[in-house]
Every structure is written in C-alpha cells, then in structure tokens.
Protein chains: 2
Amino acid sequence: MSTREKRTAPPDPANLCKSKDPGAIREILTKVGDKWSIFILLTLEMFPDWRARFSEIEKCIPGISQKMLTVTLRNLERDGLVSREVFPEIPPRVEYQLTELGESLLDPLQNLLNWVNTNAEQVRASQNRYDEK
Amino acid sequence: MSTREKRTAPPDPANLCKSKDPGAIREILTKVGDKWSIFILLTLEMFPDWRARFSEIEKCIPGISQKMLTVTLRNLERDGLVSREVFPEIPPRVEYQLTELGESLLDPLQNLLNWVNTNAEQVRASQNRYDEK
DNA sequence: CTGTATCCAGGAAGATACTG
DNA sequence: CAGTATCTTCCTGGATACAG
C-alpha cells in the first residue's frame with residue numbers, strides 16, 4: 001500500500017527506466033493501449049472453449065472495421081497471445097483463441113480495467129475542472 | 001486461475017464491451033499506452049516525498065524532449081494523476097508530484113509491468129518465429 | 001466468410017528556435 | 001529553469017474496393 005510519507009531515497013540519478021527494459025515496456029503497453037487489442041482479448045475470453053470465429057469477434061466489437069480486426073488479430077498472433085486456425089471449408093472458417101500466454105495477460109489487464117471502472121468518474125471530474133480554467 | 005477447460009457460457013450476442021464503458025477504457029489505456037506517461041509516473045514514484053522538478057524528471061527519462069515532457073505532464077495533471085506547483089522564484093522552480101489518484105494507478109500498472117518483465121522474452125520469441133515464416 | 005490492397009485524413013511526436 | 005511556438009514527419013486507423 002502506498003502511503004504519502006516522506007521517503008529517504010535519493011533522487012536517483014541513475015534512472016529506473018533502464019533497469020526495466022523500456023523497449024519492451026513501451027512495446028507491450030503500446031499494444032495494450034492501441035485502439036482494439038484489449039477488446040479483442042476481452043471478447044475472446046468470453047467465448048465458450050475460448051474460441052471464436054472472425055465474424056463472431058466482429059459482432060462483439062461495435063465500430064471495428066474488417067481491416068483493423070484483421071490487423072490487430074495478426075499482431076496478437078505474432079506476439080503469441082492469440083492462435084489462429086484455418087479450416088479449409090467453403091465458405092472458409094477461421095477460429096481464434098487465446099493462448100496460455102494471452103490468458104496470462106488477462107489478470108493484470110483486469111486489474112487495470114477495475115481501476116478504470118473505479119476511477120473513471122474522478123478522472124473525468126478532474127478533466128472538467130481543468131478545462132474550465 | 002484460468003484453466004483451459006470447456007466453458008458452457010453461450011457466445012453472448014450482447015457484447016461485454018458496452019457494459020464496461022469502452023470510452024473510458026480506451027481513454028485511460030491510451031494514456032497508459034502512450035509513449036511517455038508511464039515513464040513519468042514511474043519516475044515520480046521514485047522521488048523522495050514523491051516530488052520532482054521538471055528538470056529532474058527530464059534527466060530520468062532518456063530521449064524525452066522538453067515538449068513531450070510538458071505535454072504529457074499537462075495531460076497527467078488534467079487527469080488528476082499529477083499535481084503541479086509553481087514557485088515564483090528566479091530562476092523558476094516547478095514541482096510535480098503524484099496525487100493520491102495517481103498513486104492508486106501504480107499498483108495495477110506494476111502488475112502489468114511485472115507481466116511484461118516476465119513474458120517479454122516469450123513474446124519476442126513468438127515474434128521472431130512469426131517473422132521468419 | 002475471411003480476408004487483401006490502396007488511398008487518405010488526423011493526430012502523435014520530433015526538431016528547432018525563442019522567452020519570461 | 002521551465003517552458004511556448006512552429007514546422008515537419010511519421011504512423012495509426014478509417015473508407016472503399018476487390019478477391020479466394
């Protein structure tokens with residue numbers, strides 16, 4: 001728990017960012033922070049057997065375009081968070097599912113979403129106050 | 001803990017995204033996912049008494065420009081995550097510190113960073129495999 | 001149904017110069 | 001010291017058309 005006590009630590013001239021692989025941090029957070037990835041992950045989580053077809057995902061995410069769904073799924077697949085299986089049928093069927101790596105990301109992600117749900121109102125209030133000045 | 005069992009839940013035609021205020025989710029995640037915010041939050045966390053001057057933050061974040069530091073700090077201030085205090089001295093001094101709201105974000109953020117540190121290598125391996133094909 | 005390919009607009013961010 | 005002001009570049013993402 002973070003309390004607001006004084007700290008004795010020095011300003012730390014050697015920065016902390018280096019010790020934590022800023023490249024990786026930025027890369028992963030950029031993914032999580034992009035416009036659609038998180039909604040896809042959350043959607044996949046909801047499907048029975050953790051599988052969903054392209055068109056099913058599309059239906060669950062209002063506003064997403066075919067292009068962005070494709071692009072974002074490819075990126076998630078590239079990162080190993082989602083797997084993709086093509087069934088050579090007519091019409092074609094493609095199923096996506098979270099990998100175990102992808103599932104493991106859901107927990108920390110949920111924490112963040114809980115924070116958002118808890119504090120969104122307070123953030124908005126602060127923004128309104130700021131904008132009025 | 002998420003196991004890989006079959007689920008009995010239906011595909012859920014009514015999507016989950018709506019129930020969670022996708023606007024707020026996207027907005028907050030975009031902040032967290034932007035290029036500099038998280039490094040500023042982490043830097044502020046390290047300072048004694050949670051306070052730091054503009055130039056001190058700058059020194060701790062290699063590669064950030066004055067402009068982006070200013071812009072990002074303003075956004076964080078607007079969201080109520082960081083407070084800003086100007087001391088009318090010569091030369092001028094401005095101190096930034098995390099608000100309690102800002103501090104409360106650090107915990108979920110740390111979870112995410114832990115995930116990154118734990119899994120970054122695996123993600124990169126997956127990317128390399130994907131790119132070779 | 002599940003994509004690709006192309007073009008385009010808007011915003012994020014870098015470079016640089018200047019200021020109270 | 002702590003910013004502002006411009007200009008420019010880059011990249012994300014949207015629209016549209018087409019294909020296997």
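Quick note on labels: first sequence line is chain A, next is B, and so on, each numbered from 1. Excluded from the calculations below are hydrogen atoms, water molecules and symmetry mates; all remaining heavy atoms, backbone and side chain alike, are included.
The C1' atoms of five pairs define one axis at each end of the helix from C/dC1-D/dG20 to C/dG20-D/dC1, and these two axes lie 50° apart (to 10°).
Near DNA chain D, meaning a heavy atom under 4.0 Å from it, residues 79-96 of chain A has A/Pro92 in order of number.
Not one side-chain nitrogen or oxygen of A/Arg53 sits closer than 4.0 Å to the OP1 or OP2 atom of C/dC1. For B/Ser55 and D/dA2, the shortest distance from a side-chain N or O to OP1 or OP2 is below 4.0 Å.
Under a 3.5 Å cut-off, the side chain of A/Thr99 and the backbone N or O of A/Gly80 do form a donor-acceptor pair. No donor-acceptor pair under 3.5 Å is formed between the side chain of A/Ser126 and the backbone N or O of A/Gln122. A/Arg26 places a side-chain N or O within 3.5 Å of a backbone atom of B/Lys35 that can act as its donor or acceptor partner.
Residues satisfying the salt bridge (Lys or Arg N to Asp or Glu O under 4.0 Å) criterion with B/Glu95, sequence neighbours excluded, are B/Arg51, B/Arg93. For A/Arg124, the salt bridge (Lys or Arg N to Asp or Glu O under 4.0 Å) partners are B/Asp21, B/Glu27, not counting sequence neighbours. The side-chain contact (heavy atoms from CB on, under 4.5 Å) check on A/Arg78 picks up B/Gln127, B/Tyr130, B/Asp131, with sequence neighbours excluded.
Atom-to-atom, CG of B/Asn75 to C1' of C/dG11 comes out at 13 Å; the value is rounded to the nearest Å. Computed from coordinates, the B/Glu77 CD to D/dA2 P distance equals 15 Å when rounded to whole Å. With rounding to whole Å, B/Phe54 atom CZ is found 6 Å from D/dA2 atom C1'. Distance B/Arg26 CZ to D/dT12 C1': 13 Å, rounded to the nearest Å. Separating the CD1 atom of B/Ile57 from the C1' atom of D/dG3 is a distance of 13 Å, rounded to the nearest angstrom. Counting to the nearest Å, the C1' atom of C/dT2 and the CD1 atom of A/Ile40 are 14 Å from each other.
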Polar pairs (N or O, both sides) under 3.5 Å between protein and nucleotides 13-17 of chain C?
{"from": "C/dA13", "atom 1": "OP1", "to": "B/Lys35", "atom 2": "N", "distance (Å)": "3.2"}
{"from": "C/dA13", "atom 1": "N7", "to": "B/Lys67", "atom 2": "NZ", "distance (Å)": "3.4"}
{"from": "C/dG14", "atom 1": "OP1", "to": "B/Lys35", "atom 2": "NZ", "distance (Å)": "2.5"}
{"from": "C/dG14", "atom 1": "OP2", "to": "B/Trp36", "atom 2": "NE1", "distance (Å)": "3.3"}
{"from": "C/dG14", "atom 1": "N7", "to": "B/Lys67", "atom 2": "NZ", "distance (Å)": "3.4"}
{"from": "C/dG14", "atom 1": "O6", "to": "B/Lys67", "atom 2": "NZ", "distance (Å)": "2.5"}

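The shortest non-hydrogen separation linking B/Val82 to B/Leu41 is CG2-CD2, 4.2 Å.
Remark: of the listed residues A/Asn111, A/Leu109, A/Asp107, A/Leu105, A/Leu105 is the sole one forming a side chain to side chain contact (heavy atoms under 4.5 Å, CB included) with B/Trp115. Partner of A/Tyr96 under the side-chain hydrogen bond (donor to acceptor under 3.5 Å, both in side chains) criterion, out of A/Glu85, A/Arg84, A/Arg53: A/Arg84 alone.
Side-chain heavy atoms closer than 4.5 Å link hydrophobic residues (I, L, V, M, F, W, Y) into clusters, and following such links, even through other members, never connects B/Phe87 to B/Ile57. Each of B/Val86 and B/Ile90 belongs to its own hydrophobic cluster when Ile, Leu, Val, Met, Phe, Trp and Tyr are linked at side-chain heavy-atom distances under 4.5 angstrom.
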